[in-house]
Amino acid sequence: MVASPVESEVKEVVQQAIEKHGKSPDALIPVLSEINRALGYVPAEAIREVKRQIHNPAERTFAAESQLYGLVSFYDMLSTQPRGRHVIKFCENAPCHVVGGKAIWDALRETLQLKNGETTPDKKWTLVTTSCIGLCSVGPVLLVDDDMYGNVTVEQIPDILERYE
Amino acid sequence: MAFYRSHVLVCVDPECLAKGAHDVVDAMQDELVAQGLLDEIQVLETSRIGGCSDGPEMMVYPEGVHYVGMTADDIPYLVEEHFLKGRIVEKFREVTKVVVDEELGPLRPKEVRVVLRNCGEIDPMNIEDYLAVDGYQALGKVIGGMTPEQVIDEVTKSGLRGRGGAGFPAGRKWGLTRQVEDSPKYMVCNADEGDPGAFMNRRVLEGDPHSVIEGMIIGAYATGASFGYIYCRAEYPLAVETLNLALTQAREFGFLGKNILGTDFNFDLEVRVGAGAFVCGEETALMASIMGMRGEPRPRPPFPSVQGVWGKPTNNNNVETYANVPQIILNGADWYASMGTERSKGTKTFAVGGNVAKPGLIEVPMGITLREIIFDVAGGIKDGRQFKAVQTGGPMGGCLTEKHLDLPLDYEALSQAGSMMGSGGLVVMDENSCMVDIARFFMDFTQAESCGKCVPCRIGTRRILELLQKMCDGKGQPGDIEKLEELCHEVAKNSLCGLGQGAPNPVLSTLAHFRHEYEAHVYEKRCPAKVCRPLIRYEIEESCTGCMVCARNCPVEAISGERRQQHVIDQNICIRCGICMQVCNFNSVAVES
Ligand SMILES: Cc1cc2nc3c(=O)[nH]c(=O)nc-3n(C[C@H](O)[C@H](O)[C@H](O)COP(=O)(O)O)c2cc1C
Ligand code: SF4
Ligand code: SF4
Ligand code: FES
Ligand code: FES
């Protein structure tokens, strides 16, 4: 996920995603999500490759690059930028805010020296905000990759971060 | 009585069982026998220890160590390390994690569970559990002896209204889709639950997926639909997994697919996963997203019941709306209509969050008051503080106050009070919340989630946010409050979809009930709740013992003073981080505004 993925890897990932979800118009979001999961983001090469593999007017399958960019830029979970090895998603919504979210957010930015959306120079961490993930009864809440942490306190932050390589 | 030096609690809830909790319990017993520890250590089975995603989960007391993710093979090592050598096994240790048992505990006072009745009671991963609690009986009743019109009549008579926000009568919506002469027809389930503070739908999908599926099949029979989609947000991976498994099992049992229950009725369902866009909860945006496009709303009419997915008649309902249906068919419309108010029947699930003592998920009859919900069901305000406001209806809803606490909750009562039912998130705020700050927070959300298709919403929400930010920063000017109001009305009036139309609500409702707080920010440069940082000051009071703890901890060295002398804060240096207040053991740091 760190360096730009090699061309053959992109090709392979795209091919697998298309095999799994098909080439119909409604497969585009699942295909892009799959690529995003595998590579950590959707690089420009992957968009070109999706178009190359799907777009075939003779078979009535269509995919324009602009349309694919349109999707990647619209949906929050699809990213055009490479991300760190671990992505921290912090819930920034009001229910978490009123139970102490602000202090956690400040502490995260302070500890990692990152602003929203940034990645550390060593490519270990990316810090982003997310909207509510439905765990509000245990707010403040954050996700590290797919791990959920609830009732987070400022003191716990170093412990949580330490668990990731 | 035997005295055990340790108790080992192993979670045997469905999630953990699916990951081999029984094997772990057995291995634990065997190993304790083998090590001769059986008299010292007791193994107990329990439920819901943690977040349920990394099971099996285990707690060891008295240490209170939380272990997760071990298999039966790991047990001998774990027993040796922990119980013989007394070393905690870090590899399986869970440091902090989500504790969801508060989310839906035992029935609380005044609760009536219809939609949530099976959650936590049955194994959602096993269709036979659902069958054992009369699952798919309503479907049998419908297919075996009711015409589609009779089904629609029954649902209409029950008074069931859409639980996704607007409260459109479900039976009438089904009737509209049935009327349209076009095929194929589609069923859609809106499982995009994006309102901050709302997680009712997630719990139903994770805890009782078949009730939603059964409701959809019954709806398909009534409307004449042959295919359907459940559009679930990607933030709910467990719900997606549970749904997919449930669909497979329903197909195996002949409830989905061709010739359902041996008749000529065909219907199948597919789960569609979102990709992170709040506006996709709006039904036309949702359908665009299902079809592989950007989730941008379009004007209605045509309504989905005429032109929905793939341009065909489509019935869209919320998760909770569908989950009510099997119960209505089984117990009858009259039973359902016996609960609730004149115009809003049945029960409603709410996610109560914010500053309450017992946050979590509840289900109560319509017509209950906010006071009963906040004080009787959710245990009142946390830490004995004062109630200040409650936001209902999510980011497009409004803030209600003390004087609304005795309002019987239904769709109309809430809109008359300037808020709305929405999907059922309740964010309770205590005296320490600043209403300008809260309005800014909601605006920040809607501004970021505006799809950008129409100008009033795209630009308007941004301008509103800027004005609010200015006020919170202490830079508000005379006239700003009036400007804010005007902007809010314009955005509400001219936006295309419910997002833009509802976005100003949190601002308008806080303006209506807490105008003095806005005025304090603008005219007096004061934040009465002492929240907005540029407007507050930390001061050290006379009770200061001169311990110097605050001075050592201040990140910018703003505190000076001799040992055993009262310290002072240099307001020009202070960045208002509040650390001094947290570290002071003598309560000598006060915040002023
Ligand atoms: C911005 C926006 C977000 C919405 N989000 C949801 C949602 O998350 N879930 C939902 O069921 N309805 C949501 N709705 C309402 C839907 O458009 C639609 O009215 C509802 O799904 C209809 O189902 P019902 O009749 O069963 O309530 C949203 C509406 C708007 C304008
Ligand atoms: S009101 Fe806002 S979210 Fe709705 S269509 Fe317009 S820009 Fe998009
Ligand atoms: S609020 Fe923070 S910066 Fe200001 S005096 Fe206290 S510790 Fe120092
Ligand atoms: S508001 Fe933070 S998880 Fe819901
Ligand atoms: S008296 Fe020094 S920290 Fe409070």
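As a basis for the values below, the full set of heavy atoms in this structure was taken, side chains included, without hydrogen atoms, waters or symmetry mates. Chain letters run A, B, ... following the sequence lines, proteins first and then strands; every chain starts at 1.
- For the residue pair E92(A)/T130(A), the side-chain donor-acceptor check at 3.5 Å is not satisfied.
- Between chain A and the residues G295(B), G353(B), A448(B), the largest count of heavy-atom pairs under 4.5 Å involves G295(B).
- In terms of heavy-atom pairs under 4.5 Å with chain A, the best-connected choice from E235(B), R272(B), M429(B), Q391(B) is R272(B).
- Comparing V427(B), I438(B), V279(B), D430(B) by how many heavy-atom pairs each has under 4.5 Å with chain A, the most go to V427(B).
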Apply side chain to side chain donor-acceptor pair (under 3.5 Å) to the pair E118(A) and T126(A), showing each step before the final yes or no. CA-CA 6 Å; E118(A) 289 181 345; T126(A) 297; over 6 Å; no
Evaluation steps, side-chain contact (heavy atoms from CB on, under 4.5 Å), between K453(B) and R458(B): CA-CA 7 Å; K453(B) 181 169 174 167; R458(B) 183 180 69 228; over 6 Å; no
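- Neither the backbone nor the side chain of D147(A) comes within less than 4.5 Å of any heavy atom in chain B.
- Each of S33(A), A27(A), S73(A), S131(A) has some count of heavy-atom pairs under 4.5 Å with chain B, and the biggest count is that of S131(A).
- Ranked by non-hydrogen atom pairs under 4.5 Å with chain A, the options E296(B), M293(B), E449(B) are led by M293(B).
- Using a 4.5 Å cut-off between heavy atoms, I290(B) touches chain A through its backbone atoms (N, CA, C, O) alone.
- For a residue to count as touching a neighbouring chain, one of its non-hydrogen atoms must lie under 4.5 Å from one of that chain's; by this rule P30(A) does not touch chain B.
- Side-chain contact annotation: N56(A) with T61(A), donor-acceptor N/O pair under 3.5 Å absent.
- In summary, the aromatic rings of Y236(B) and F199(B) are positioned with their centroids too far apart to meet the 6.0 Å limit.
- Judged by distance alone, with hydrogens and angles left aside, the side-chain atoms of N36(A) form a donor-acceptor pair with the main-chain N or O of M77(A) at under 3.5 Å.
- Around the NZ atom of K89(A), the shell of radius 6.0 Å holds no more than 12 heavy atoms that belong to other residues, nucleotides or ligands.
- Contacts of D195(B) with chain A are made by backbone atoms alone, with heavy-atom separations under 4.5 Å and no side-chain atom involved.
- Between chain A and the options G292(B), G274(B), A277(B), the largest number of non-hydrogen pairs under 4.5 Å is found for G292(B).
- Options C451(B), A351(B), S289(B), P395(B) differ in how many heavy-atom pairs under 4.5 Å they form with chain A, and the most are formed by S289(B).
- Considering C232(B), C280(B), S423(B) as possible partners of D192(B), the one that fulfils the side chain to side chain contact (heavy atoms under 4.5 Å, CB included) test is C280(B).
- Both the backbone and the side chain of A234(B) come within contact range of chain A, each with at least one heavy atom under 4.5 Å from a heavy atom of that chain.
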